[in-house]
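Just so it is clear, the structure is predicted and the values come from calculations on it, not from any experiment.
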Amino acid sequence: MDMERGLLIFDGDCGFCTTSARFATRWVDRRNRYDVEPWQQVDLARFGLTEADCIEAAQFVRRDGSVAAAHLAIAEGLKHGAPLWRPLGHLVTLPGVSWLAGRVYTWVADHRYALPGGTPACAPTHLSDGPVAGKTGSASVG
């Protein structure tokens, strides 16, 4: 599946993810090189994604239709953004750095409810009485 532009998908129910997506739009991709949308407004089946995938982690759909998740989705957003951000995106994908970035991403995802912009809806399933209660997997960062 070929797309005209890339697409960064985040959890629109999460305040932290929404704040992060706004940052990406304002600072990383100021020239609108790719789209940034909450999963709740995307035809996920078109990209072979499920709600669970998008609750679990941010997703980046490349122009060729392939998908990167979690820290690799963030790296794709950086690599497709303004030239200043691109080296950071490539750095995140290097061996060793990618492993560490994955661990940091997981920690942030599990604690996003307590970070700036976080809300109770951001809490992982085991801590939430809100809209994500009953869903499996950890919370995502978008």
Quiz item: Any ion pair linking Arg5 and Asp29 (charged N to carboxylate O, less than 4.0 Å)?
Solution: no
Quiz item: Looking only at atom types and distance, does a side-chain atom of Asp53 sit under 3.5 Å from a main-chain N or O of Thr50, one as donor and one as acceptor?
Solution: yes
Exercise. Give, for atom CG of Asp11 and atom SG of Cys54, the distance between the pair rounded to the nearest 0.5 Å.
Key: 8.5 Å
Exercise. Please identify each residue that fulfils salt bridge (charged side-chain N to carboxylate O under 4.0 Å, His left out) with Arg30, with sequence neighbours left out.
Key: none
Self-check item: Electrostatic pair Arg63-Glu4, nearest N-O below 4.0 angstrom
Solution: no
Quiz item: Does Ser66 reach the main-chain N or O of Arg62 with its side chain, forming a donor-acceptor pair under 3.5 Å?
Solution: no
Return all side-chain donor-acceptor pairs below 3.5 angstrom for residues 87-102, not counting sequence neighbours, or 'none' if the list is empty.
| unit_1 | atom_1 | unit_2 | atom_2 | d |
| --- | --- | --- | --- | --- |
| Thr93 | OG1 | His90 | O | 2.7 |
| Ser98 | OG | His71 | NE2 | 3.0 |

Exercise. Could you grab the distance from atom CG of Leu8 to atom NE2 of His80, nearest 0.5 Å is fine?
Key: 11.0 Å
Quiz item: What orientation do Trp107 and His111 show, parallel under 30°, tilted 30 to 60°, or perpendicular over 60°?
Solution: parallel
Practice problem: Identify whether Leu72 and Ile55 are in the same connected component of the hydrophobic contact network (ILVMFWY, side-chain heavy atoms under 4.5 Å). | Solution: no
Quiz item: Any side-chain heavy atom of Tyr105 within less than 4.5 Å of one from Asp110?
Solution: no
Quiz item: Which is it for Leu78 and Arg86 under the side-chain contact (heavy atoms from CB on, under 4.5 Å) test, yes or no, and what are the steps along the way?
Solution: CA-CA 5 Å; Leu78 293 167; Arg86 293 175 190 167; over 6 Å; no
Quiz prompt | Spacing of CG belonging to Asp35 relative to CD1 belonging to Ile9, to within rounding of 0.5 Å | solution = 10.0 Å
Quiz item: Leu7 versus Phe60: any side-chain heavy-atom pair under 4.5 Å?
Solution: no
